[in-house]
**Student:** 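The structure under discussion is supplied below as structure tokens; questions concerning it will follow.
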Amino acid sequence: MASFRTFTILLFILALPHVPILAQQPAAQRQAITLQRQLQRLHYSPRPADDSLSASIFSMFVRELDPEQYIFTSTDYYNLAVYKYKLNEELTGSNWTFLDMATKLYRQRLMRADSITQSILLKPLEFKTDDKFIFFREKDLVLAADEKELKSKWTRRFKYILLTQAYSLASADSTKPSLVAILTKKEAELREKLRKATAKGFEETLDPAVFDTDTKEAYFNAIAAVYDPHSNYFSPRENEDFQAELSTEEYSFGLEVDENKEGTISVNQLVPGGPAWKTGELHKNDELLQLQWKGSPALTVSGADIDEVEEELAKSNHDELTITIKKANGIVRTITLRKEKIETELDVVKGYLLDGEKKIGYISLPDFYTTWEDEQGSGCANDMAKEIIMMKKENLDGLILDLRYNGGGSLNEALQLCGIFIDEGPLVAIREKEGKLVFAKDPNRGTIYDGPLLVMVNNQSASASEMVAAALQDYNRAVIVGSPTYGKATMQVVYPMDSTAKPGAKSADGFVKLTTGKLYRVSGQTAQCNGVVPDVVLPDAFDGLEYREKFMPFVIPADTARKNSYYKPLAPLPVSALAEASKARINSIKAFQEMQKSISLRKTRMANKKTEIPIRPDLFEKWVKEKEAQLQFMDEEVEEENTVFKTTNYRLEKERLQNNSYNTELNTAALQSIEKDIYIQEAFRVIKDLLQAQKK
């Protein structure tokens, strides 16, 4: 079963007291009891084993099995709900019956759904009625009352999928056929492909070799997930995948994909230094729409399973692959890549020059990577330091550090990176379960860069990137520009499912990643749920989407800690004047104006508990075009004319690019991407204003 993954940092090694072996219970119960004990003893905010915990585990498990409510009916739910307030008793040693009963019912209902979907898709779908596909945003379950209603629900879903696929074909056809014409011509072909993909999905889920284990692991994950959004159960294999080093021996795009329960395939991870990373266009959670090798037919990802997509990505080592992706805010991008041997220790951090009225250095850091087995080895802070040293030879007037889309990583690397810009002093406070507050300091005296600094963040800057932005803001060391950050200020450690073993030990029963502490700013505030609020706020295309930490289930709330009275901030920066000047400019830039309109529309839609989508072709086509019109500003964002700077490479980087045609090609694309980015353009204007204010 898929689970949300975050980077972990092994901050403290805790030895656990011996726990008696549970010899009398079934193996699954022994594992579950051990898991619960690990969570109770080690989690930052343990929950009492009461009816509330039981109900939370029950609800989370049902959603794990049936996230979109296409498997169970309300009758099935009520049969399961007999155990809703009894799971805490099973986790403390009473009769073990729920998981076995739920596994049996789940298998039966999957087989029923398989039969229903095949019966629907073996016949042409009727599109003449004014029926609607309804997407519910509310958190309550919306289950079909009986099998008849369940079949109707599946039918509407399949009509929506076929209409979406047909519309994509119509849009890509240069002759611009109508949606009805495409459906008439392609309905049977699209429906058969959908039927086979659906059947394959049920077959893989019901595979006797993995079904019982997968269902058990989904239950274990539900037990962990009700403690907070970043606590998870890992099977031994999942833990190996989670901690494995990325290979540098094979040709690769440096791109990993994953499939969620809705069948959407998206980017799961980018390898630092890999081709996908270098483009600056691909990010985690971008949805894959299409793959096409040069000279070969395109593979439409919608309807394909994860194995097909991975097989497609594993083809030729040297040909070009064009990838079409869709971002969370609706932007569609096309990126062309070639595989290469990835050497993660070399040239991962790239600096550029923004040459205009002032000469500003620009560095983007999408991840706080490190050499996990050797914390003294190469990491992002060391790479950043080397890059800045080389860039300083260009006599920079200022520096922009771009932490947008940076989901976090090594806390040690984040502390080291702060030390590049801050001379000395406490940077962040850590509080563990015991309640003691410990301040982590800048590990190195002195700075590498002490000039004017601007840090860019957005809604997807999380964890370690938030810590860096907060520390630099608290010290008045940098102007923070962008939108409020994600709001994750917790740290996690992976423990074996063996209460006598230490972190890092092997465990045949699996592992639990759990939250062991919380991070606080030197001011006593926390980014947890709050995020870091920039000094200069810019509208964000992701505003209005409920994906930040504060919207997650079982989130650990924000609180405060004592302020560190020993840290010595620098003189205040003129952030109010900078924000006022930026706001005046933003209100006159068309791309930002259109974005603000779209954000307002999105917030209105999100306020509704459900979205009704017509599944009659003419009405569906009208609905899609209206939606596309609302997102039209995205193209204007990309094409915004840059009149403030030209993007170039510094001298030593130009020398490194000589006689390397592929890296030169990637570099050209990166230069163009930076130059067209309206956020970087505005960041350039803000740091120029800062320089003028400091001169005065």
Side-chain angles (χ1 to χ4, degrees), residues 271-275 277-280 340 342-356 358-371 376-404 406 409-410 413-423 442-456 465 468 472 477-478 645-675 677 680 683-684 687-688 691:
V271 180
W277 163 292
K278 291 178 183 177
T279 66
E340 60 179 294
I342 300 174
E343 297 178 342
T344 57
E345 73 277 9
L346 297 176
D347 305 335
V348 174
V349 173
K350 291 290 185 183
Y352 302 89
L353 296 179
L354 310 182
D355 202 350
K358 299 291 183 180
K359 185 180 288 187
I360 306 298
Y362 170 83
I363 299 178
S364 175
L365 184 67
D367 188 85
F368 282 91
Y369 59 89
T370 187
T371 305
Q376 304 305 315
S378 178
C380 65
N382 185 52
D383 293 344
M384 176 76 71
K386 290 189 292 185
E387 194 74 4
I388 290 175
I389 288 170
M390 289 188 286
M391 292 178 69
K392 283 172 65 177
K393 297 177 181 179
E394 300 287 338
N395 298 317
L396 301 177
D397 294 307
L399 179 66
I400 294 174
L401 173 60
D402 193 344
L403 298 182
R404 292 177 299 166
N406 186 317
S410 168
E413 290 295 333
L415 293 169
Q416 298 269 5
L417 190 138
C418 284
I420 293 174
F421 307 108
I422 295 174
D423 186 7
D442 176 0
N444 301 303
R445 287 291 302 269
T447 62
I448 292 175
Y449 177 79
D450 60 3
L453 178 65
L454 182 149
V455 176
M456 299 179 69
S465 60
V468 170
L472 295 176
R477 180 62 190 87
F645 64 79
K646 292 292 182 183
T647 312
T648 64
N649 299 109
Y650 57 88
R651 181 176 56 82
L652 290 176
E653 179 65 13
K654 290 178 180 177
E655 293 175 1
R656 290 194 298 187
L657 288 169
Q658 289 180 355
N659 303 318
N660 191 325
S661 60
Y662 179 52
N663 282 345
T664 299
E665 184 180 333
L666 287 176
N667 178 69
T668 300
L671 294 176
Q672 293 173 349
S673 177
I674 293 168
E675 201 158 298
D677 191 317
I680 300 176
F684 185 92
I687 199 169
K688 188 178 72 170
L691 290 166

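All values below come from the heavy atoms of this structure, side chains included, with hydrogens, waters and symmetry mates left out. Since the structure is predicted, the reported quantities are computational estimates derived from the model, not experimental observations. The first residue of the sequence shown is numbered 1, and numbering continues consecutively from there.
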**Student:** What's the shortest heavy-atom distance between G419 and D442, and which atoms?
**Tutor:** CA-OD1, 3.3 Å
**Student:** Go through it in stages, so that I can follow the logic: the residues are L671 and T648, the test is side-chain contact (heavy atoms from CB on, under 4.5 Å), and I'd like the CA-CA distance, side-chain angles, deciding distance and then a yes or no.
**Tutor:** CA-CA 7 Å; L671 294 176; T648 64; 5.7 Å; no
**Student:** Given side-chain contact (heavy atoms from CB on, under 4.5 Å), test M390 with Y650 step by step and report yes or no.
**Tutor:** CA-CA 8 Å; M390 289 188 286; Y650 57 88; 3.7 Å; yes
**Student:** S465 and N406: which non-hydrogen atoms are nearest, and at how many Å?
**Tutor:** OG-O, 2.9 Å
**Student:** Tell me the salt bridge (charged side-chain N to carboxylate O under 4.0 Å, His left out) pairs involving residues 646-655, sequence neighbours left out?
**Tutor:**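 Counting only pairs at least two positions apart or across chains, the salt bridge (charged side-chain N to carboxylate O under 4.0 Å, His left out) contacts touching residues 646-655 are K350-E653, K646-E675, R651-E655, E653-R656.
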**Student:** Sequence neighbours left out, what passes side chain to side chain contact (heavy atoms under 4.5 Å, CB included) with T447? Give chain and number order.
**Tutor:**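 Partners of T447 by the side chain to side chain contact (heavy atoms under 4.5 Å, CB included) criterion, ordered by chain and then number, come out as D423, D450.
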**Student:** At what distance, to the nearest 0.5 angstrom, does CG of L403 lie from CE of M456?
**Tutor:**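 Taking CG in L403 and CE in M456, the distance rounds to 10.0 Å.
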**Student:** For the CG atom of L365 and the CD atom of E413, what is their distance to the nearest 0.5 Å?
**Tutor:** 9.5 Å
**Student:** Check the pair L472, I422 against side-chain contact (heavy atoms from CB on, under 4.5 Å), reporting the backbone distance first and the verdict last.
**Tutor:** CA-CA 8 Å; L472 295 176; I422 295 174; 3.8 Å; yes
**Student:** Could you measure the distance from the OG atom of S364 to the CD1 atom of I674? Nearest 0.5 Å is fine.
**Tutor:**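 So the OG of S364 and the CD1 of I674 are separated by 7.5 Å.
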**Student:** Can you see which heavy atom on Y449 is nearest to which on R477, and at what distance?
**Tutor:**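 Scanning both residues, the minimum pair turns out to be O-NH2, 3.0 Å.
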**Student:** Applying side chain to side chain contact (heavy atoms under 4.5 Å, CB included), name anything that partners A670, two or more places apart in sequence or on another chain.
**Tutor:**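 Testing A670 for side chain to side chain contact (heavy atoms under 4.5 Å, CB included), a comparison that skips the adjacent residues, returns Y352.
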**Student:** Going by the rule side chain to side chain contact (heavy atoms under 4.5 Å, CB included), which residues pair with I448 if we only count those two or more places apart in sequence or in a different chain?
**Tutor:** A385, I388, I389, I420
**Student:** Under the rule for salt bridge (charged side-chain N to carboxylate O under 4.0 Å, His left out), what residues qualify as partners of K358, not counting sequence neighbours?
**Tutor:** none
**Student:** So, does T664 use its side chain to make a donor-acceptor pair with the main chain of L657 at under 3.5 Å?
**Tutor:**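 It does hold such a pair.
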**Student:** Could you go through the side-chain contact (heavy atoms from CB on, under 4.5 Å) check for Y362 and L353 one step at a time?
**Tutor:** CA-CA 6 Å; Y362 170 83; L353 296 179; over 6 Å; no
**Student:** Given K278 and E340, is the salt bridge (charged side-chain N to carboxylate O under 4.0 Å, His left out) satisfied, shown in steps?
**Tutor:** CA-CA 12 Å; K278 291 178 183 177; E340 60 179 294; 3.4 Å; yes
**Student:** How many angstroms lie between CZ in F368 and SG in C380, if you round to the nearest 0.5 Å?
**Tutor:**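 Spacing of CZ (F368) from SG (C380) equals 5.5 Å.
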**Student:** Among side-chain atoms of N649 and N667, is any donor-acceptor pair under 3.5 angstrom?
**Tutor:**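 Yes - a donor-acceptor pair under 3.5 Å links their side chains.
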**Student:** Taking ring-ring contact (aromatic ring centres under 6.0 Å, His included) as the definition, give me every residue that meets it alongside F684, ordered by chain and number, with sequence neighbours left out.
**Tutor:**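 F645.
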**Student:** If you round to the nearest 0.5 Å, how far is CG of L454 from CG of L401?
**Tutor:** 9.0 Å
**Student:** Quick one, N382 with Q416, criterion side-chain hydrogen bond (donor to acceptor under 3.5 Å, both in side chains). Give me CA distance, side-chain angles, the key distance, then yes/no.
**Tutor:** CA-CA 8 Å; N382 185 52; Q416 298 269 5; over 6 Å; no
